[in-house]
Each structure stands twice: as structure tokens, then as C-alpha cells.
Amino acid sequence: MKKILKKSIAIILISMLVLTCTSCDDEYWDEDYEEYGESEDYEDGEYDAENQVIPEGDVDSINGLSMQVNNSNGDISISRKDVESKARPDDGIWTIFVYLCGTDLESQSGMGTDDLTEMMNASPSNKVRFVVQTGGTDGWNTSEVDDGMIQRFVVQAGNIEKVDEASLESMGRPDTLTDFLVWGTSEYPSEHQGLIMWDHGGGSITGVCFDEKYSMDSITLMEMDSALLKCTESSGRRFDFIGFDACLMGTVETANVLATYSDYMYGSEETEPGSGWDYTAIGDFLAKNPDSDAASLGKVVCDSFLEACKKQDDDSLTTLSVIDLSKVDSLLTSFNSFAKNMYDAGEDSSYIAEIIRGIEGADNFGGNNKTEGYTNMVDMGGLCEACEGYADGADAVVKSIKDAVVYKVSGSTHPDASGLSIYYPLAIQGSNELSLFSKISVSPYYLSFVDRQNKTGATDDNIEDYDDNQWFEDSGDWDWGETSDDDYWNYLDDYQQTGESPYITFSEEPGVRDDGTYGLTLDENGIDSAANIIAVVYEVSDDGKYLIEIGETTDVQGDWESGRFSDYFDGNWLSLPDGQNLATYIVEETSDYVIYTSPILLNGKETNLRMKQYYSDDHVEVEGAWEGISEEGAAAREIVKLKDGDVITPAYYSFSMDNDEEAEYSGQEFTVSGDIEIKYDQMAMGQYYYSFYIDDIYGDYYITDHVTFNIDENGEVTF
């Protein structure tokens with residue numbers, strides 16, 4: 001029975017990881033059609049989403065940036081295309097271009113309409129105007145905008161005027177962005193100009209602006225680079241700022257792309273609450289201070305955003321940063337040196353596990369667990385600090401980040417966020433994701449560090465045999481954006497997690513000890529290969545037909561130096577007021593609290609309940625419901641607050657006890673009335689199952705055989 005349980009839970013976990021990354025395995029570019037209009041699936045503005053996804057477009061040629069690293073000495077050279085050839089008008093006008101891709105944020109919640117209203121409510125001024133392109137949604141909540149067209153508006157002095165429209169196009173297509181910006185900078189030249197990308201964001205891999213009408217096609221960083229290059233070549237000038245009123249786009253990979261085209265970047269490391277930026281505050285500030293620079297404006301954007309979040313009691317996750325893009329090249333130089341040392345340190349088996357544990361323990365953003373999905377965005381400063389004991393140069397990178405991040409705000413969940421995140425694969429998500437990463441990575445040594453870990457786990461190659469020379473040309477140079485053939489990453493296509501990682505080995509096999517605790521001791525190889533240890537608890541359904549996973553717990557005590565770990569489980573669990581145990585999965589753990597997420601149905605719709613449990617007194621605060629990361633890689637913006645009458649149905653990963661097949665299992669409906677109080681109380685008397693879940697450093701895991709524990713009528717736990 002134990003082996004069957006072990007295998008089944010492994011299958012469940014693997015299937016969930018596959019579900020979270022289906023979009024990463026899709027190639028968007030159809031080589032049979034080099035232009036959209038030639039595709040039989042895309043004619044006259046009509047699109048057959050069932051047969052083909054929209055291609056990314058031909059963006060193989062990236063000319064905005066030249067970044068080379070020479071492998072003989074590790075030196076980096078960076079040059080950027082000069083786009084400042086035309087003089088700016090001396091008119092004191094601020095023009096802010098808003099690429100407003102509405103998606104479900106508009107069709108379901110009217111958030112785009114709300115922000116258009118905020119623009120109109122700003123102080124009247126002939127020195128400030130918003131030039132807006134609309135699209136990307138199934139329906140607008142205002143009669144001013146037609147969802148069947150691409151439309152352009154000028155919002156100024158309290159008025160909105162439609163100035164242009166065209167046939168519907170995907171807002172996730174780079175040429176659509178190019179057309180808007182070339183047109184806009186030509187029709188509305190001004191002394192100051194900014195660009196805001198408005199919508200969902202997904203971070204460095206999936207990008208921003210997911211078009212709801214076109215299979216959630218998005219603008220990737222490579223596509224953004226292509227569009228901005230064409231715009232700036234046409235206008236002959238840079239933007240004062242480029243900002244993202246979208247989740248997760250405050251990344252070093254994004255900053256690297258934008259540094260060619262803009263003076264400043266505004267972006268959030270974390271998800272953004274649904275209300276987004278305060279456009280009235282932005283317009284009011286510029287109306288009073290039209291001679292303001294982008295750094296000063298950025299401070300207003302950050303402060304007003306945080307204030308708006310506080311008013312909605314939605315500020316705990318808030319982050320927003322102003323990045324001086326003139327400092328990015330210095331940051332890249334210091335990071336490349338550090339990454340080389342980090343890569344070299346990783347060749348030592350006694351160091352690599354400690355490095356990976358540090359990285360996985362660093363602040364990360366956007367969920368990154370099996371129920372909410374993975375963005376794989378980690379705080380850049382946190383990553384460097386986690387490795388500073390093993391790789392020289394971390395302090396120089398942290399200093400460079402502080403120089404580049406000229407202003408930032410953050411809520412209680414991320415008080416130490418550095419202001420810039422970086423891609424790191426906390427979970428393996430397929431060959432296409434790493435192929436995309438290889439084209440935007442800011443250092444070949446960091447790329448090698450990431451690839452070496454994944455390739456070792458997927459192919460059983462020895463880590464010492466990995467050769468980073470594959471990224472370098474015969475000349476010894478690595479060129480940004482020009483990496484190996486995409487087929488290189490196929491080693492991941494057939495890779496499957498086993499739940500029985502061969503790297504996790506023991507000097508004391510998992511078992512119940514004489515003192516009544518359940519424990520294990522890793523041997524030297526196991527210590528050098530393990531990234532994390534938690535526990536997973538299961539119960540049998542009342543009818544005896546299903547084994548139900550009720551989630552993860554941090555109630556494990558141990559020591560990495562000795563490798564000895566034991567359960568520290570007291571039989572308490574998070575439950576609804578009616579006593580139903582919630583399935584809990586760890587989002588983030590600090591010294592003061594742990595944030596859990598729990599899969600639920602909210603009024604019949606799949607989502608996740610976010611909860612924060614404080615260690616001081618074990619009280620639990622409900623943050624709300626968050627849908628997580630979509631199949632296309634878009635992060636939901638809004639954490640929905642619960643209200644009276646909402647119906648919560650707990651959901652669980654489970655399988656049939658009869659035939660070992662996966663099964664859908666849900667609890668009983670619970671209706672919210674008043675403030676919902678999540679209990680942390682003794683579990684009901686009965687028998688349960690308990691396992692250790694051990695992540696290895698190569699992307700697999702080891703789940704120990706289940707042992708049973710009983711809770712008696714006095715609440716005593718006995719294994």
C-alpha cells in the first residue's frame with residue numbers, strides 16, 4: 001500500500017506542474033506564415049483560436065543592444081544604439097502614451113474604464129495629455145470604446161476625444177505596439193514623453209499585455225525590444241520613462257531591454273492590486289509641475305499607487321520601483337563578474353546545495369507553488385545576498401542595485417525587496433521557457449548556472465562535466481540574444497519528476513524512532529543534494545474511497561550540518577469555521593509568519609485562498625482569493641476580498657483508494673458571514689498519513705513512504 005500511495009502522489013504533483021506550464025511548451029511562431037495576414041487562421045480581423053495560436057512574429061534580429069562577454073577573461077562590453085538624433089520640442093508638454101490592453105480586467109471588472117476616468121479627472125492642463133490605444137478585451141464598460149476595433153484617444157483637460165481607429169489587431173503582437181508608438185510620437189511630439197504598458201504581466205518570460213481576443217497572446221521582451229527599436233528609429237529620441245501598470249515586470253531582464261530606449265523604468269516585482277496606478281494623481285502632479293523630470297514623476301507614481309492600495313486594504317503585497325536605466329550597464333557588469341564566481345563555486349558539491357537553498361529561500365514573487373502556478377521571479381538582491389558566502393562580488397551587485405533603484409515602495413510582505421527581480425527556475429517548466437530565458441539572460445555565466453542544474457537533473461550528467469563554452473563563439477565571445485539552437489533545450493521535453501530522486505540518500509532511513517517521532521538522517525551525498533524539506537499530510541475521506549492531500553506544513557525540525565530531521569507536528573491544522581481542513585501550500589515563510597494558499601471554489605469558480613499565519617500567537621489573517629498564474633503565464637492582478645454571502649468550497653488533490661487513479665475531490669460548501677475566522681486548531685480524532693517531501697537541487701523530489709499517525713480524544717499525536 002505504501003508504494004502505491006507514493007507513486008500516486010508523485011503522479012498528482014507531476015500533472016499539476018504540467019498544467020501550470022502548458023503555455024511554456026507552445027511554440028507561437030508558425031514558420032509557414034511570415035506575416036499574420038498570410039495565415040488562413042487570421043483574415044480580415046477574424047481569428048480562429050481553436051486551430052492555431054497567434055505567432056510571436058519575426059524578432060530574431062535584435063539590434064538595440066550589443067552585449068558581449070569574453071570567456072578568456074570574463075570581461076563584458078556593452079554598447080547601445082544611439083537613438084537621440086532629433087531635438088526635443090521646447091514646449092514643456094508631457095505626453096504619456098498608454099498601451100491599454102483591457103483583457104478580463106476590463107471585460108469583467110471595468111478597470112480600464114476606471115483608469116480612463118481617472119485620467120479625465122486630473123487637473124485640467126494644456127501641458128499634460130494621455131494618448132491611449134485601446135484593445136485586447138471582449139468588452140468595454142464604456143460606450144466611448146468599441147471592443148471590435150483598435151481605437152486611439154487623447155485625454156486632456158477633462159475631455160476624451162477619439163482621434164483614430166483601425167481594424168482589430170492583437171495587442172500582443174509587436175507590430176501593433178510599433179504602429180501605435182510610431183504614429184503617436186509623430187502626431188503628438190512633445191518635450192517629455194512616457195510610455196505605460198497596461199494589463200496583466202507575467203515577468204521576464206511571458207511578458208505583458210495578454211490579448212483576451214487572441215488566445216492571450218502577449219508581448220515578450222524580445223518583441224518589446226523589436227517594437228521600441230522601430231519606434232525610436234522613427235522618432236529619433238528616447239522616452240523619459242517606460243512603465244508597467246502590470247504585474248511582475250520590475251525585472252533586470254526588462255530593465256536591460258529598456259535601457260536602450262528610455263531614461264527610467266517604473267515596474268513592480270510583485271503582482272499589482274486590481275486598481276493599479278492612480279492616473280488622477282499622475283495628471284495632477286504634472287499639471288502643477290510640467291517641468292518635472294521622470295525621476296520625480298516616478299516617486300509620485302509609487303507613492304500614489306501605495307496610497308491607493310492602502311485605502312483598499314490591499315497594500316501588503318505592493319511593490320513598485322523607479323529604475324535609473326543609465327545605471328543598468330554598471331549593474332550588468334558587476335552581476336556578470338559575480339555570476340562567474342557563482343558558477344565556479346557551484347562546481348563544488350559541498351557548496352552547490354547551500355547556494356540553491358539560499359536562492360530558494362530568497363524573496364520571490366507571484367505565487368511559485370503547485371496550486372497557484374510559477375512565475376520563477378526571485379528578488380535579485382536577495383539572490384545575491386544568499387550566495388555572498390560562496391561567490392565574491394555579491395556586495396558589488398547589491399550596491400549597483402541600490403544605485404539603479406532610485407526610489408521604491410513595498411508593503412509588509414516584501415519589506416526588504418531590492419526593487420529588481422531576476423528569473424530563476426524554482427520549478428522546471430519545459431524546454432521553451434529555458435529557450436526564451438537564454439535569449440534574454442543578462443550573463444552567460446548565470447545562464448550556465450541555471451542550465452547546469454537543470455541538465456544534471458534531467459540527463460544524469462555529472463555536474464563536474466558541464467562545459468559553459470557551448471554559449472561562446474569560436475572567438476570566445478558570448479553575444480546577448482544569440483544563443484544555441486532551440487533544440488538544445490529538448491533534454492527537458494521527456495523529463496519527468498519521479499518522486500524518488502536518486503540524489504536523496506540516507507544514513508538513517510526514514511522511520512519512526514524510539515522516541516516516537518518520525519525522522520530521517522541524510523548522508524553526505526543527501527545533504528549535498530537536498531534543497532528543502534517539508535512535510536505533507538493526508539487523510540482518508542469519510543466514505544473511505546479517497547486519499548486526500550490536506551497540504552504542506554513547516555512543522556519539521558532539523559539541521560543541515562548533521563542531516564538529521566524530525567517531525568515537529570502537533571496535530572494542529574488550518575480549517576474553516578465549520579471545521580473542514582483546508583489544503584494548505586506554502587507561499588512564503590519568514591521569521592514572523594508563513595503565508596499559505598489553499599485551492600478552493602469561490603462561488604463555483606476555481607481560485608486560491610491566501611492566508612497569513614503569525615508565529616507569535618498562531619492567529620490567521622485572510623488576505624483574500626487569488627486566481628494565480630494563467631496557462632498563458634499571466635498573473636492575476638486582484639486579490640479578491642471575501643464578502644457576506646460568498647460560498648467557499650474546499651478543493652483537494654486526491655486519488656481513488658480502489659484503483660489508484662486521480663480523482664477530483666471537494667469539501668462541503670461554507671457561506672461567508674461577517675469576517676471569516678480561519679481556525680488553527682486540533683485536527684479531529686482519527687488516523688492520518690504523514691510524509692517528508694524533500695526537494696533536490698536538480699528539479700526532482702523525494703517523497704518518503706507514508707507513516708500513519710493517530711490523534712486521540714485528548715489531542716495527543718502518536719506515530
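For Tyr446 and Phe335, the ring centers sit closer than 6.0 Å to each other. Taking the six-membered ring where the residue is Trp, the centroids of Phe569 and Tyr518 are separated by 6.0 Å or more. Ring centroids of Phe565 and Trp560 are separated by less than 6.0 Å, placing the two rings close together. Aromatic rings from Phe506 and Tyr702 are positioned such that their centres are separated by under 6.0 Å.
Using a distance-only test at 3.5 Å, with no hydrogens or angles considered, no donor-acceptor pair links the side chain of Asp314 to the main chain of Cys309. Asp696 places a side-chain N or O within 3.5 Å of a backbone atom of Gly699 that can act as its donor or acceptor partner. The backbone N or O of Ser316 lies less than 3.5 Å from a partner atom in the side chain of Thr413, making a donor-acceptor pair. Not a single donor-acceptor pair under 3.5 Å links the side chain of Asp528 to the backbone N or O of Ala353. A distance-only check finds a donor-acceptor pair linking the side chain of Asn341 to the backbone of Asp392 [under 3.5 Å]. Distance alone, capped at 3.5 Å, is enough to place a donor-acceptor pair between the Ser691 side chain and the Thr704 backbone. At distances below 3.5 Å, at least one donor-acceptor pair connects side-chain atoms of Asn368 with backbone N or O atoms of Thr375. In terms of modelled atom types and a separation under 3.5 Å, the side chain of Ser262 and the main chain of Ala259 share no donor-acceptor contact. A donor-acceptor distance shorter than 3.5 angstrom exists from the side chain of Ser438 to the backbone of Ser435, with no hydrogens or angles considered. Looking at Thr521, its side chain never comes within 3.5 Å of a backbone N or O of Glu508 through a donor-acceptor pair.
Between Tyr466 and Asp461 the shortest side-chain heavy-atom distance does not fall below 4.5 Å. Residues Met224 and Tyr261 have side chains not in contact (no heavy-atom distance under 4.5 Å, counting atoms from C-beta outward). Taking the side chain as every heavy atom from C-beta outward, Thr554 and Tyr615 approach each other to under 4.5 Å. Inter-residue side-chain proximity for Ile422 and Glu253 is flagged as met; some heavy-atom pair is nearer than 4.5 Å.
A salt bridge is defined here as a Lys NZ or Arg NE, NH1 or NH2 lying under 4.0 Å from an Asp or Glu carboxylate O, and Asp395 with Lys399 fails to meet this definition. The pair Glu272-Arg637 meets the salt-bridge criterion, since a charged nitrogen lies less than 4.0 angstrom from a carboxylate oxygen.
With rounding to the nearest 0.5 Å, the separation of CG in Leu332 from OG in Ser400 is 9.5 Å.
Listed here is the closest heavy atom pair of Val322 and Cys302: CG2-SG, 3.7 Å. Residue Met265 comes nearest to Thr251 through the heavy atom pair CE-O, 3.9 Å, listed as atom of the first residue, atom of the second, then distance. Residue Val587 comes nearest to Tyr596 through the heavy atom pair CG2-C, 4.0 Å, listed as atom of the first residue, atom of the second, then distance. Thr206 and Ser218 make their closest contact through O-OG, 2.7 Å (heavy atoms, listed as atom of the first residue, atom of the second, distance).
Partner of Cys387 under the side-chain contact (heavy atoms from CB on, under 4.5 Å) criterion, out of Val397, Ile356, Ile359: Ile359 alone. A ring-ring contact (aromatic ring centres under 6.0 Å, His included) with Tyr390 holds for exactly one of Phe449, Tyr343, Tyr351, Phe338; it is Tyr351.
With sequence neighbours excluded, no residue satisfies salt bridge (charged side-chain N to carboxylate O under 4.0 Å, His left out) with Lys408. Scored by the salt bridge (charged side-chain N to carboxylate O under 4.0 Å, His left out) test, Asp315 finds no partners at all (sequence neighbours excluded). Looking at residues two or more places apart in sequence or on another chain, you find a side chain to side chain contact (heavy atoms under 4.5 Å, CB included) between Ser326 and Asp324. For the side chain to side chain contact (heavy atoms under 4.5 Å, CB included) test, residues two or more places apart in sequence or in another chain that qualify with Ser410 are Thr319.
The aromatic rings of Trp471 and Tyr488 sit perpendicular, their planes meeting at an angle over 60°, well past the 30° parallel limit.
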* Taking it one step at a time, do Asp451 and Gln470 satisfy side-chain contact (heavy atoms from CB on, under 4.5 Å)? -> CA-CA 11 Å; Asp451 179 45; Gln470 62 190 303; 3.9 Å; yes
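Screening residues 67-80 for salt bridge (charged side-chain N to carboxylate O under 4.0 Å, His left out) gives Arg80-Asp329 as the qualifying pairs, with residues at least two apart or on separate chains. Residue pairs satisfying the salt bridge (charged side-chain N to carboxylate O under 4.0 Å, His left out) criterion with at least one member in residues 340-361, sequence neighbours excluded, are listed as follows: Lys340-Asp344.
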